[in-house]
Asks: 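Below are the structure tokens for one structure; questions will follow.
To find a chain, count down the sequence lines: A is the first, B the second, and so on, and within it residues start at 1.
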There are 2 protein chains.
Amino acid sequence: MTSDTPAVATIVVIFAIIEERLQVLLVHRDAEPEAGTWALPGGVWDGSQSLDAAAAAKLVEETGAGDVYLEQLFTQSGLDHTQPSVAIAYFALVDAGAVRLRSEPGDAWRPAWLPVGELPRLAFANNEVIGQAVERVRAKLDYTNIAYGLLPERFTLRELQSTYQAILGGESLDRRNFRKRMLGNAVIEPTDEVRREGAHRPARLYRFTTREPVFL
Amino acid sequence: MTSDTPAVATIVVIFAIIEERLQVLLVHRDAEPEAGTWALPGGVWDGSQSLDAAAAAKLVEETGAGDVYLEQLFTQSGLDHTQPSVAIAYFALVDAGAVRLRSEPGDAWRPAWLPVGELPRLAFANNEVIGQAVERVRAKLDYTNIAYGLLPERFTLRELQSTYQAILGGESLDRRNFRKRMLGNAVIEPTDEVRREGAHRPARLYRFTTREPVFL
DNA sequence: GCAAAAGTGTTCTTGGTACACCCATGT
DNA sequence: ACATGGGTGTACCAAGAACACTTTTGC
């Protein structure tokens with residue numbers, strides 16, 4: 001497997017909100033190098049399709065999710081010390097409810113969600129990659145609608161706000177200002193449905209006005 | 001030269017302010033493919049150093065400039081239709097006054113500055129790359145000090161403002177507000193020197209408080 | 001009727017924009 | 001003295017932050 005022509009790989013940081021926390025999909029490595037550690041899903045690029053398509057394919061393979069947000073992050077070199085290599089990192093935002101993880105029993109490369117705040121030391125330079133991905137998502141939350149990737153078609157304002165807070169790392173936002181901003185920006189719109197659950201007033205359901213990336 | 005293992009290249013969008021316009025360094029291609037067109041400087045990556053170092057080396061080779069701003073932009077695939085390939089694009093901001101272009105007489109790969117507003121059709125997808133680079137620089141102008149890369153150690157406020165206006169595409173800014181913002185942000189500070197030129201009050205010289213990238 | 005979350009407006013603060021006059025110099 | 005660019009302050013406007021009470025439901 002070792003040679004002196006560069007190896008090209010794509011890796012994907014897949015985010016979802018689970019238990020009101022921002023979590024990343026990682027796979028446990030049973031094989032060398034870096035056996036016994038967690039790593040981002042990825043694979044060698046064979047050039048048969050574009051990089052974007054390869055990353056999207058990887059994402060579908062791991063999660064089965066289609067209606068997602070996917071963006072290129074940056075490219076690293078020198079991760080594999082046995083040969084020249086570059087890794088093109090992407091990040092994706094998926095709705096946890098729509099995900100079905102690969103899980104053949106006894107699978108050698110077990111996937112699992114881990115909260116970004118409590119990551120162990122990962123294989124290669126993956127901690128660094130995830131850190132940059134989180135930073136990017138946080139920044140874009142302010143001036144785009146990318147949160148649509150993390151939520152189902154319909155959701156309550158509480159769920160939306162909880163998503164925002166999870167991404168921002170637990171910092172809590174003012175409910176009224178949050179609502180005003182979201183509706184004022186026309187990033188979401190009310191539907192005529194409500195959801196009843198528990199002993200309190202039903203929550204109106206909202207949807208994103210558009211499920212494609214939009215800059216505010 | 002054709003093979004089915006991926007080729008990895010770095011390319012660099014080198015910006016400078018010349019004649020109060022934002023210009024890009026391009027090289028004229030005399031060889032196939034795309035002979036007779038202009039293209040961004042770049043080269044095959046041999047893996048002997050990091051991608052960042054390779055891009056920095058390319059930059060020095062073309063301009064001789066050292067104290068510059070260099071940032072990775074993004075990575076493209078499929079530019080070369082003869083084999084799988086990826087190109088990692090960078091952009092750089094250099095002080096035109098510190099640049100010495102390569103120019104052996106009769107050089108086959110002539111470098112030249114071209115204003116970003118008046119580019120012909122370039123080789124590969126280079127127009128796209130430059131477009132993205134310009135967009136990124138414009139955005140970062142608002143919340144970072146990256147303009148330091150385009151200016152010498154000391155400069156007048158007029159020069160700084162002219163630089164900003166060139167990047168923003170000719171849109172003119174209010175002098176008083178501009179000064180207030182730059183000094184208020186502590187992104188620049190006055191020196192005790194002035195520059196006399198012409199029949200008017202001498203201009204105070206300023207410098208960047210720090211010549212490393214800083215977010216505001 | 002009470003607990004629990006949903007829904008709603010106003011005030012204050014802050015940052016950005018618009019705008020006009022005096023200053024120092026060379027000729 | 002006049003032409004040329006350098007230097008300064010204030011009033012307005014819009015967006016974000018702080019903040020408390022009423023509504024609807026299930027039990």
Asks: Quick one: how far along DNA chain D does chain B reach, first to last nucleotide 5' to 3', anything under 4.0 Å to a heavy atom?
Replies: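 Using the under 4.0 Å cut-off, the span is D/dA3 to D/dT10.
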
Asks: For A/Glu193, is there an ion pair with A/Arg204 - N to carboxylate O distance below 4.0 angstrom?
Replies: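 A salt bridge is absent here (no side-chain N lies under 4.0 Å from a carboxylate O).
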
Asks: Side chains of A/Leu114 and A/Val24: closer than 4.5 Å at any heavy-atom pair?
Replies: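 Not touching, per the 4.5 Å side-chain cut-off.
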
Asks: Can you check the A/Arg195 CZ to C/dA4 C1' distance for me, whole Å?
Replies: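 My rounded result for the distance is 17 Å.
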
Asks: For DNA chain C, which residues in residues 166-182 of chain A have a heavy atom at a distance below 4.0 Å?
Replies: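 Heavy-atom cutoff 4.0 Å gives A/Arg175, A/Arg176, A/Arg179, A/Lys180.
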
Asks: May I have the distance from A/Glu159 (atom CD) to C/dA5 (atom P), rounded to whole angstrom?
Replies: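 After rounding, the reported distance stands at 14 Å.
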
Asks: Verify whether one side chain among A/Ser77 and B/Ser50 offers a donor that lies under 3.5 Å from an acceptor in the other.
Replies: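 Note: A/Ser77 and B/Ser50 side chains miss the donor-acceptor criterion.
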
Asks: State, without any angle test, whether B/Tyr164 and B/Arg181 hold a side-chain donor-acceptor pair at a distance under 3.5 Å.
Replies: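 On atom types as modelled, these side chains do not qualify, holding no pair under 3.5 Å.
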
Asks: Can you find a pair of side-chain heavy atoms, one from A/Phe91 and one from A/Val134, that are under 4.5 Å apart?
Replies: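 No, too far: nothing below the 4.5 Å cut-off.
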
Asks: By salt bridge (charged side-chain N to carboxylate O under 4.0 Å, His left out), which residues pair with A/Arg138, not counting sequence neighbours?
Replies: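 Partners of A/Arg138 by the salt bridge (charged side-chain N to carboxylate O under 4.0 Å, His left out) criterion come out as none, since no residue qualifies.
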
Asks: Taking atom CD of A/Glu118 as the centre, report whether more than 12 heavy atoms of other residues, nucleotides or ligands fall under 6.0 Å from it.
Replies: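 Yes, because the 6.0 Å sphere around CD of A/Glu118 holds more than 12 heavy atoms from other groups.
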
Asks: Looking at residues at least two apart in the chain, or sitting in another chain, which of them share a salt bridge (charged side-chain N to carboxylate O under 4.0 Å, His left out) with B/Arg196?
Replies: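 Scan of B/Arg196 (salt bridge (charged side-chain N to carboxylate O under 4.0 Å, His left out), adjacent residues dropped) gives none.
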
Asks: For nucleotides 25-27 of chain C, list the nitrogen or oxygen atoms of the protein found under 3.5 Å from its nitrogen or oxygen atoms, one pair per line.
Replies:
from	atom 1	to	atom 2	distance (Å)
C/dT25	O2	B/Ala199	O	3.1
C/dT25	O2	B/His200	N	3.1

Asks: So, using salt bridge (charged side-chain N to carboxylate O under 4.0 Å, His left out) as the criterion, who are the partners of B/Glu19 when residues are at least two apart?
Replies: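 Only B/Arg21 meet the salt bridge (charged side-chain N to carboxylate O under 4.0 Å, His left out) criterion with B/Glu19.
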
Asks: Determine, for A/Glu159 against A/Arg195, whether the closest basic-nitrogen to carboxylate-oxygen distance falls under 4.0 angstrom.
Replies: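 Salt bridge present between A/Glu159 and A/Arg195.
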
